[in-house]
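Here is the structure we will look at.
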Amino acid sequence: MEGSALLVASWNVNSIRARLERVTAWLDRQRPDVLCLQETKVTDEAFPAETFGAFGYESTVFGQKSYNGVAILSRLPVEGVTRGMDDSEEDSSARLLGGNVGGARIYSVYVPNGQVVGSEAWEFKLRWLARLKSYLLLHHRPDERVVLCGDFNIAPEERDVYNPQFWKSTVLFHPIVREALTDLSSFGLVDTFRLHNEAGGLYSWWDYRAMAFPRNLGLRIDLMLATRGLAPQCSAASIDREARKGTGASDHAPILARFEL
DNA sequence: ATGGTTGCTTAGCAA
């Protein structure tokens with residue numbers, strides 16, 4: 001894979017079955033090498049792998065009924081697939097899927113939302129993030145080529161939130177959860193988007209309600225975090241806001257990053 | 001700036 005580019009994308013689709021036509025049309029337009037999906041909301045048996053196969057993408061899936069679910073669609077072979085964190089914690093949610101693609105290790109990540117600060121779901125979110133850090137420490141080194149792609153349900157900085165004063169009391173931008181992301185990143189992870197974009201007001205998620213998207217009332221909670229061993233190879237990073245437009249869109253936009261390997 | 005939607009699965013939950 002030396003000397004070739006790897007275009008990696010990630011998209012919380014909020015049900016792959018409800019979004020199938022949009023996703024295939026987007027794949028045809030963008031032709032990424034890899035697309036990580038979150039919130040597929042479908043069992044592995046019912047995942048529309050044949051449809052993606054017809055578009056040239058192999059499906060690697062880790063799903064469950066109704067909720068959560070992650071997948072990796074790839075035009076290149078995927079090897080060394082891992083599902084979940086394989087630690088001692090009781091956790092039935094399908095939120096982490098890894099595979100080796102084109103000279104990098106790629107994870108599709110769906111961090112728990114957390115619902116409300118102080119709730120059980122919130123504690124689960126914080127614990128899950130701590131477990132992910134432990135997973136990285138156990139299985140990887142920061143000088144390896146690894147990228148975590150997905151819906152982190154955390155906005156890293158003030159410029160990633162349209163109204164920080166309001167959102168800092170919520171699960172998406174509370175100081176505690178921002179600190180959890182900082183701690184995760186201290187493994188040696190770089191927010192690839194910020195290698196190539198400085199401006200605020202660039203978001204990846206907008207609430208379905210209250211005309212949030214046309215008013216650009218959003219947050220940047222979908223991230224591609226690359227190890228410091230891979231980040232220098234990141235030559236471009238973007239958010240495809242176009243894909244959020246119109247009726248029948250996911251509430252998240254796809255994000256992209258290009259790596260020169 | 002949490003009323004206001006969407007997608008499960010079937011009235012309520014999760015996001």
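Chain identifiers are assigned alphabetically (A, B, ...) following the order of the sequence lines, protein sequences preceding nucleic acid strands; residue numbering begins at 1 within each chain. Computed from heavy atoms alone, side chains included, the values below leave out hydrogens, waters and symmetry copies.
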Quick check for you: among [options], whose closest atom lies nearest to any side-chain atom of [X]?
| X | options | result |
| --- | --- | --- |
| A18(A) | dA14(B), dG7(B), dT5(B) | dG7(B) |
| A210(A) | dG4(B), dC8(B), dT5(B) | dG4(B) |
| E39(A) | dA15(B), dG7(B), dT9(B) | dA15(B) |
| S66(A) | dT5(B), dA15(B), dT9(B) | dT9(B) |
| R19(A) | dA14(B), dT6(B), dC8(B) | dT6(B) |
| N68(A) | dA15(B), dC8(B), dA1(B) | dA15(B) |
| Y162(A) | dC13(B), dA15(B), dA1(B) | dA1(B) |
| L217(A) | dA1(B), dT6(B), dA15(B) | dA1(B) |

Whole-Å distance between [N] [atom2] and [X] [atom1]?
| X | N | atom1 | atom2 | answer |
| --- | --- | --- | --- | --- |
| N12(A) | dG7(B) | CG | C1' | 12 Å |
| R22(A) | dG7(B) | CZ | P | 10 Å |
| Q64(A) | dC8(B) | CD | P | 14 Å |
| Y67(A) | dG12(B) | OH | P | 13 Å |
| R209(A) | dG7(B) | CZ | P | 14 Å |
| M211(A) | dG3(B) | CE | C1' | 14 Å |
| Y208(A) | dA15(B) | OH | P | 14 Å |
| D222(A) | dA15(B) | CG | C1' | 13 Å |

>> For the aromatic rings, using the six-membered ring if either is Trp, is the centroid distance between Y107(A) and H139(A) under 6.0 Å?
In response: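 No, ring centres 6.0 Å or more apart.
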
>> Parallel, tilted or perpendicular, judged at 30° and 60°: which one describes the rings of F52(A) and F47(A)?
In response: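 Taking F47(A) first and then F52(A), their aromatic rings sit tilted (interplane angle of 30° to 60°).
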
> Should I154(A) and L129(A) be marked as a side-chain contact (heavy atoms from CB on, under 4.5 Å) after you check the CA-CA gap, both sets of side-chain angles, and the distance that decides it?
Replying inline: CA-CA 11 Å; I154(A) 306 166; L129(A) 288 162; 3.7 Å; yes

Assign [X] to base, sugar-phosphate, or nothing according to its heavy-atom contacts below 4.0 angstrom with the strands shown.
| X | result |
| --- | --- |
| Q165(A) | nothing |
| N163(A) | base |
| Y110(A) | sugar-phosphate |

Between [N] and [M], how far apart are the two [atom1] atoms, rounded to whole Å?
| N | M | atom1 | value |
| --- | --- | --- | --- |
| dG4(B) | dC13(B) | P | 15 Å |
| dT10(B) | dT5(B) | P | 23 Å |
| dT9(B) | dA15(B) | P | 15 Å |
| dT6(B) | dA1(B) | P | 23 Å |

>> Let me spell it out: for each of Q115(A) and R215(A), pick the nucleotide of DNA chain B with the closest heavy atom. Which residue's pick is nearer the 5' end?
In response: R215(A)

>> Can you work out whether A121(A) or K65(A) has the more 5'-proximal nearest nucleotide on DNA chain B?
In response: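 With A121(A) and K65(A) compared, the 5'-side residue is K65(A).
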
>> Looking only at side-chain N and O atoms, does N100(A) offer a donor or acceptor that is under 3.5 Å from a partner on E79(A)?
In response: no

>> Does either side chain, that of D240(A) or that of W26(A), offer a donor lying less than 3.5 Å from an acceptor on the other one?
In response: yes

>> Using a strict threshold of under 4.0 Å (side-chain N to carboxylate O), is an ion pair present between E198(A) and R159(A)?
In response: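 Yes.
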
